Amino acid sequence: MEDQNDESSTNLIINYLPQTLSDEEFRSLFLSVGPITSSKIVRDKSTNYSYGFGFVVYERAQDAQRAIETLSGLQLQNKRIKVALARPGGDQIKGANLYVRNLPTPWKETELNKLFDPYGKIIQSRVLIDLATGVSKRVGFVLYDTRDEAENAIKCLSGKTPEGCTEPIMIKFADDNTKKIKQQGSVQYVPIPNFAAGGPMRTQMNRFQRFNPMAGNFNSQVPGMAPSQQGYTLFVYNIGFLATDRTLWQLFSPFGTVQKVNIMLDHEKNQCKGYGFVTMTNITEAQNAINCLNGFYFQGKPLQVSFKNQNQNQNQQVPLTN
DNA sequence: TGGCATT
């Protein structure tokens, strides 16, 4: 009872970290709750690429608990981080992730969980959604607490046609994604432009926004965002009064196809009002531009970049007029 | 066959 400060109650795993979050930002965020023993974003050893999760060990269990309560669900850039006690490591939790195919199209995580729940403790699950159409890819993942549970689920469910399904579901152990991050695909890891990379460190406050964890699903990738036939329009705020259309082209072209840019002008002063819009063709490229440019200092001020249709959630600075 | 759940 006395020693509640062993690692089982002080070691936290943090999931859904934004790709560009630095180790320093990560550390200082969790330091704001109390003294910590260690912090680490898990990265590829050779490329330093973040796997999107990390660990923090607090000195005191009570601070770890408070970090869970106060920081889980915090929106960082385009992500909502999740903070939870880390499970004790060990061989039994490795290889516990399942890949599932032939799911009924309407199924979400709720239905997937219901099917897999009887065979073990589900840590995380996901149904893959086509981002452009919003339609299920009929493929999902179920991560169990232990390998044994995953094996059991395979044994019991493989080839079965569960209630609500019209064909047998296919279950396999999932590929270990964290060990071989895709290097192919040019938009996966586009370097940020030099002026952003070399600039001062971003402030945190402009990117930290409270979020009610009960209001949303941790699994949703791009909440509140709707594709349009004309492409994906981004709202760019704090771009400065000297900005022109050309500025937006220069900022966003490195991330993919830019269809259109539109600087909002103050016609009396004949200068930029400090914000504009950029329409990109490809949602992945648009998202990557957001990941890389949101929060970065540009000419002395932190840019705010988001999907235009998402702005109602994000400390709106100006009314949306187009 | 995941914008990444065990360092």
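A quick note: this is a predicted structure, and the numbers were derived from the prediction, not measured. Chain A is the first sequence line, chain B the second, and so forth, proteins listed ahead of strands; every chain is numbered from 1.
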[N] [atom2] sits how many Å from [X] [atom1], rounded?
X      : N     : atom1 : atom2 : result
A/Y99  : B/dC4 : OH    : P     : 17 Å
A/I81  : B/dG3 : CD1   : C1'   : 15 Å
A/L103 : B/dG2 : CG    : P     : 15 Å
A/I41  : B/dA5 : CD1   : P     : 15 Å
A/R138 : B/dT1 : CZ    : P     : 13 Å
A/N288 : B/dC4 : CG    : P     : 14 Å
A/K82  : B/dC4 : NZ    : C1'   : 14 Å
A/F141 : B/dG3 : CZ    : C1'   : 12 Å

Scan residues 145-157 of chain A against DNA chain B and write down, sorted by residue number, each residue with any heavy atom closer than 4.0 Å; if none is found, say none.
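Going residue by residue through residues 145-157 of chain A, none turns out to have a heavy atom under 4.0 Å of DNA chain B.
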What nucleotide among [options] has an atom nearest to a side-chain atom of [X]?
X      : options             : result
A/R87  : B/dG3, B/dG2, B/dT6 : B/dT6
A/I123 : B/dT1, B/dG3, B/dA5 : B/dA5
A/L128 : B/dG2, B/dT7, B/dG3 : B/dG2
A/D175 : B/dT1, B/dC4, B/dT7 : B/dT1
A/F55  : B/dT6, B/dA5, B/dC4 : B/dT6

How is A/I13 classified with respect to the nucleic acid when contacts are heavy atoms under 4.0 Å: base, sugar-phosphate, or nothing?
base
Across the strands shown, which category fits A/K172 at heavy-atom distances under 4.0 angstrom: base, sugar-phosphate, nothing?
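The residue A/K172 makes base contact.
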Could you work out, with salt bridge (Lys or Arg N to Asp or Glu O under 4.0 Å) as the rule, every residue matching A/R43, not counting sequence neighbours?
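Scan of A/R43 (salt bridge (Lys or Arg N to Asp or Glu O under 4.0 Å), adjacent residues dropped) gives A/D23.
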For A/R126 and B/dT1, is the shortest distance between a side-chain N/O and OP1 or OP2 below 4.0 Å?
no
So, OP1 or OP2 of B/dA5: does either fall under 4.0 Å of a side-chain N or O from A/K121?
no
Measure from the side-chain N and O atoms of A/N5 to the backbone N and O of A/A61, and report whether any donor-acceptor pair falls under 3.5 Å.
yes
Please check this pair: side chain of A/E109 against backbone of A/V127, looking for a donor-acceptor N/O pair closer than 3.5 Å.
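Yes, the answer is positive, given that a donor and an acceptor are paired below the 3.5 Å cut-off.
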With a 3.5 Å cut-off and no angle check, do the side chains of A/T10 and A/E7 form a donor-acceptor pair?
no
Plane angle bin for [Y] and [X] - parallel if under 30°, tilted between 30 and 60°, otherwise perpendicular:
X      : Y      : result
A/F55  : A/F53  : perpendicular
A/Y232 : A/F307 : perpendicular
A/Y237 : A/F235 : parallel

Got a list of side-chain donor-acceptor pairs under 3.5 Å for residues 87-104 of chain A, not counting sequence neighbours?
residue, atom, partner, partner atom, Å
A/R87, NH1, A/D145, O, 2.9
A/R87, NH1, A/D145, OD1, 2.8
A/N97, ND2, A/V142, O, 3.1
A/N102, ND2, A/P168, O, 3.1

Is there a stack between A/F53 and B/dA5, judged by ring centres under 5.5 Å and planes under 30°?
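The ring of A/F53 is not stacked on B/dA5.
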Determine whether any donor atom in the side chain of A/N11 lies under 3.5 Å from an acceptor atom in the base of B/dT7, or the reverse, and answer yes or no.
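When only heavy-atom distances are counted, A/N11 does reach the base of B/dT7 through a donor-acceptor pair under 3.5 Å.
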Pick the closest DNA chain B nucleotide for A/V139 and for A/K94 by heavy atoms, then say which residue is nearer the 5' end.
A/V139
